[in-house]
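Model, not experiment: these values are computed from the prediction. Proteins come first, then strands; the chains are lettered A, B, ... in the order of their sequence lines, and each starts at number 1.
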Protein chains: 2
Amino acid sequence: MPAAGEHHPAFEEYCECIFELKEDDVDVIQARIAERLQVSRPAVSEMMRRLESEGLITTDGGIRLTRAGQDLAERVVRRHRLAERFLTDVLQLSWAEAHHEAGRWEHVMSESVEAAMDRLLGSPTTCPHGNPIPGSDYIEPDASPLSSVDVGAKFVISRIPEELEFTPGLLEFLEESALVPGTNGTVTAISPDGTLTLEIGGHHVGVGAFASSRILVSA
Amino acid sequence: MPAAGEHHPAFEEYCECIFELKEDDVDVIQARIAERLQVSRPAVSEMMRRLESEGLITTDGGIRLTRAGQDLAERVVRRHRLAERFLTDVLQLSWAEAHHEAGRWEHVMSESVEAAMDRLLGSPTTCPHGNPIPGSDYIEPDASPLSSVDVGAKFVISRIPEELEFTPGLLEFLEESALVPGTNGTVTAISPDGTLTLEIGGHHVGVGAFASSRILVSA
DNA sequence: ACGGATTGTAAAGGTTCCCTAACGTCCGGT
DNA sequence: ACCGGACGTTAGGGAACCTTTACAATCCGT
């Protein structure tokens, strides 16, 4: 079915997953991949063998994308994040809807659509959650975890990593709470368990310890 | 993999095919489906059994879509044609590219994207080739085959049926020759084998007998 | 140092969707 | 009346991708 040069959705999905695990600074091991893709560990084991024999990854001393695997992953991630931008900015979908939709579009968009969408959107550098779009001229800002901000300090939301998209409902909550890249707020309290209370756009929101340690902010 | 209520791409593909065969006034038989979908006859035979057991078609006295099958087909065709409009009008893709792309998008677009795209495009009633978009308020114009126009008579292109998308390169040719819905022209000659010569936008184009018998025009 | 959790793998199997080869049926023209 | 073609189906098989069950290896806290 896939034409010459194209790649199976499954290959794309696995390479993308490996790419994002690395991006999120999570150990790139089969067990993590199985969790993110919601498949059994044997399925991942088998697929790793296939990906290796296809030259998309190497497995000596940890799973790593080859040049070809990295290219494929970046293409998929780029399309995913461009699609998310399009779906939120132009079609006005919510974060959550856009994310799910983009998860399908990424395997289906052609190169010309990718280019046309990039043009239409004015070559954006990040997805709606602030994650960089591969191939764009994104400049990594000075950012630190929200959890490292002191009580009373101001901050600007910089980036909500892919990782948090796996907690059901969290994205919706963050979007509704105006916790979106570019917004600024203040930390008003820190609970001993790491939960932060923030003041953003006039209202107060509690953010759990895990999410706080992952969300990146700048001063 | 498909969530509850969703349908497998294969089911969608077959129902869409049946829908379009009917629309093109072609006998809805397995052999035609096999041709259009480029699969073997046994593959179609097997799938017909599956579609019937899923309640999407009936086969007593010819293949016919059930209510559910018709709904599914219309949804898919609607998404295909909306996508084509979007891809040509907004992203400036060529007919051919848009058609191929839409063939993948149709299985991937969610209901909210369908709605948002419809809004963005101003509820179009036809695809770029003039085929009606199911669910729109398309009004069938008085149209007759291009082949029935007399020499010297003027006409306006109304519709290029799906059928012609299966002749490789024909769509590209028609688009480049300005043979697009809404354009008007004149028949300047008819060859005995049915080939027409048209004058459109200042230049002359020959159109074969088969294409002429399928392309619809109004006066 | 040990026992429980985490991780990877092997074995066997299932579904979906497709293929080729081969057969039987039916229909229209000579 | 017969024969070639078109059509549908049976039989057998295969690739992709997933599952559950079970078993080794490895890591880690007390």
With sequence neighbours excluded, give me every ring pair (Phe, Tyr, Trp, His ring centres under 6.0 Å) pair touching residues 36-74 of chain A. none
Roughly, in whole Å, what's the span from CZ in Phe11(A) to P in dA16(D)? 7 Å
State which residues pass salt bridge (charged side-chain N to carboxylate O under 4.0 Å, His left out) with Arg78(A); sequence neighbours excluded, sorted by chain then number. Glu114(A), Asp118(A)
Distance check needed: dA6(D) C1' versus Ile33(B) CD1, whole Å only. 15 Å
Going by salt bridge (charged side-chain N to carboxylate O under 4.0 Å, His left out), name the residues that satisfy it together with Glu175(A), two or more places apart in sequence or in a different chain. none
Rounded to whole angstroms, how far apart are CG on Leu37(B) and C1' on dT16(C)? 16 Å
Between dG8(D) atom C1' and Met47(B) atom CE, what is the distance in whole Å? 16 Å
Keeping to residues at least two apart or across chains, list the side-chain hydrogen bond (donor to acceptor under 3.5 Å, both in side chains) pairs with something in residues 205-215 of chain B. Glu163(B)-Arg214(B)
Give Ala43(B) one of three labels, base, sugar-phosphate or nothing, depending on what nucleic acid heavy atoms sit under 4.0 Å from its own. sugar-phosphate
So if I define the base as every atom that isn't primed, P, OP1 or OP2, how would nucleotides 7-14 of chain C read as a B/S/- string at a heavy-atom cutoff under 4.0 Å? BBBB----
Kindly write out the residues that satisfy salt bridge (charged side-chain N to carboxylate O under 4.0 Å, His left out) with Glu84(A), not counting sequence neighbours, or none if the list is empty. none
Near-ring test Phe210(A)/Phe166(A), centroid separation under 6.0 angstrom: no
Under-4.0 Å side-chain N/O to phosphate OP1/OP2 contact, Tyr14(A) with dC18(D): yes
